[in-house]
Amino acid sequence: MNTALVAGLLAGYGVAVPVGAVGAYLVTLTARTTPRTGACAALGVATADGLYALLAVLGGSALAAVIRPFADPLRWVSALVLVAVAAAGAVGAVRRHRARRSGTRTGESPTGPGRAYLTLLGITLLNPMTVVYFAALVLGGRAAVDPAPAEQAVFVLAVLAASASWQLLLAGGGALLGRALTGERGRLVTALASSALVTALAVRLLLP
């Protein structure tokens, strides 16, 4: 049981710690909104990691074999979604900035916790390499011994806990950033920088 716990924690941190487009978007989303919204977004990412860990435990090599042929199309879809998110963020930031300067209201409701959770969940689920990563770990562990269902459950829960703790840490960094950049110009610059970074990382997904 302890082995499954340690393996799950290591696997969860292994997939969560590298900060890519999703991590960058999580930090800046929290900076522009509220800590609660950022925490819900962080849990959306962790939920996706936990679901992929569960699928890998249940499906193993069969699931990896099904996913692998669609890796390239899914990578394109993931990149396009990220670019769309970045563009929407940039346009919204400019619109809000102009509205504040002119004294008018945009009528646009800010991103709420529920929407943030679903957005980050969906973006993270579009990464096909996550399930391949977990499937490889699970298959490697089964080479030595076939784990019991209880150990498999501990592994998945440990992955979820590790990913959630790291994503919440990123969201906390975004909350601190938001407090430091409370002015109109600071929020505009942060939003545009976030959109540029997310777009660059999305393009990088398509590079060999």
Side-chain angles (χ1 to χ4, degrees), residues 1-31 34-71 74-75 78 82 113-177 201 205:
M1 198 71 70
N2 290 335
T3 302
L5 176 62
V6 173
L9 290 174
L10 292 176
Y13 284 121
V15 74
V17 167
V19 178
V22 174
Y25 180 66
L26 171 61
V27 171
T28 52
L29 173 66
T30 310
T34 65
R36 182 185 176 191
T37 298
C40 289
L43 293 178
V45 179
T47 300
D49 288 341
L51 287 174
Y52 269 146
L54 177 62
L55 290 174
V57 165
L58 297 178
S61 59
L63 183 61
V66 170
I67 292 290
R68 193 172 288 112
F70 301 98
L74 285 175
R75 189 158 40 242
S78 178
L82 288 171
R115 181 180 174 185
Y117 175 86
L118 293 175
T119 298
L120 270 294
L121 172 64
I123 291 175
T124 309
L125 285 176
L126 286 172
N127 183 7
M129 298 312 297
T130 304
V131 70
V132 175
Y133 165 82
F134 282 123
L137 290 177
V138 170
L139 291 174
R142 284 179 177 172
V145 60
D146 192 17
E151 292 179 330
Q152 294 177 343
V154 169
F155 175 83
V156 173
L157 291 175
V159 167
L160 180 62
S163 179
S165 65
W166 179 257
Q167 305 304 336
L168 288 170
L169 180 63
L170 290 180
L176 294 175
L177 179 63
L201 291 171
L205 288 176

Asker: Can any side-chain N or O of T119 pair as donor or acceptor with the backbone N or O of R115 at less than 3.5 Å?
Answerer: yes
Asker: Check whether the side chains of T124 and Y52 place a donor and an acceptor atom closer than 3.5 Å, and report yes or no.
Answerer: no
Asker: How far apart are the closest heavy atoms of L51 and L125, and which atoms are they?
Answerer: CD1-CD2, 4.5 Å
Asker: Taking C-beta and beyond as the side chain, do T47 and Y117 meet within less than 4.5 Å on heavy atoms?
Answerer: yes
Asker: Can you name the nearest heavy-atom pair linking A162 to Y13, along with the distance?
Answerer: O-CE2, 3.4 Å
Asker: Going by side chain to side chain contact (heavy atoms under 4.5 Å, CB included), name the residues that satisfy it together with A116, two or more places apart in sequence or in a different chain.
Answerer: L29, T37, A41, T111
Asker: Can you measure from CG (L43) to OG (S163) and round to the nearest 0.5 angstrom?
Answerer: 9.0 Å
Asker: Write down the atom of A42, the atom of A171, and the distance for their closest heavy-atom approach.
Answerer: CB-CB, 4.3 Å
Asker: Suppose we screen for side chain to side chain contact (heavy atoms under 4.5 Å, CB included). Which residues come up paired with L160, at least two apart in sequence or across chains?
Answerer: A46
Asker: Within this structure, what is the CD-CG distance for the pair Q167 and D49, rounded to the nearest 0.5 Å?
Answerer: 6.5 Å
Asker: Sequence neighbours left out, what passes side chain to side chain contact (heavy atoms under 4.5 Å, CB included) with A39? Give chain and number order.
Answerer: L168
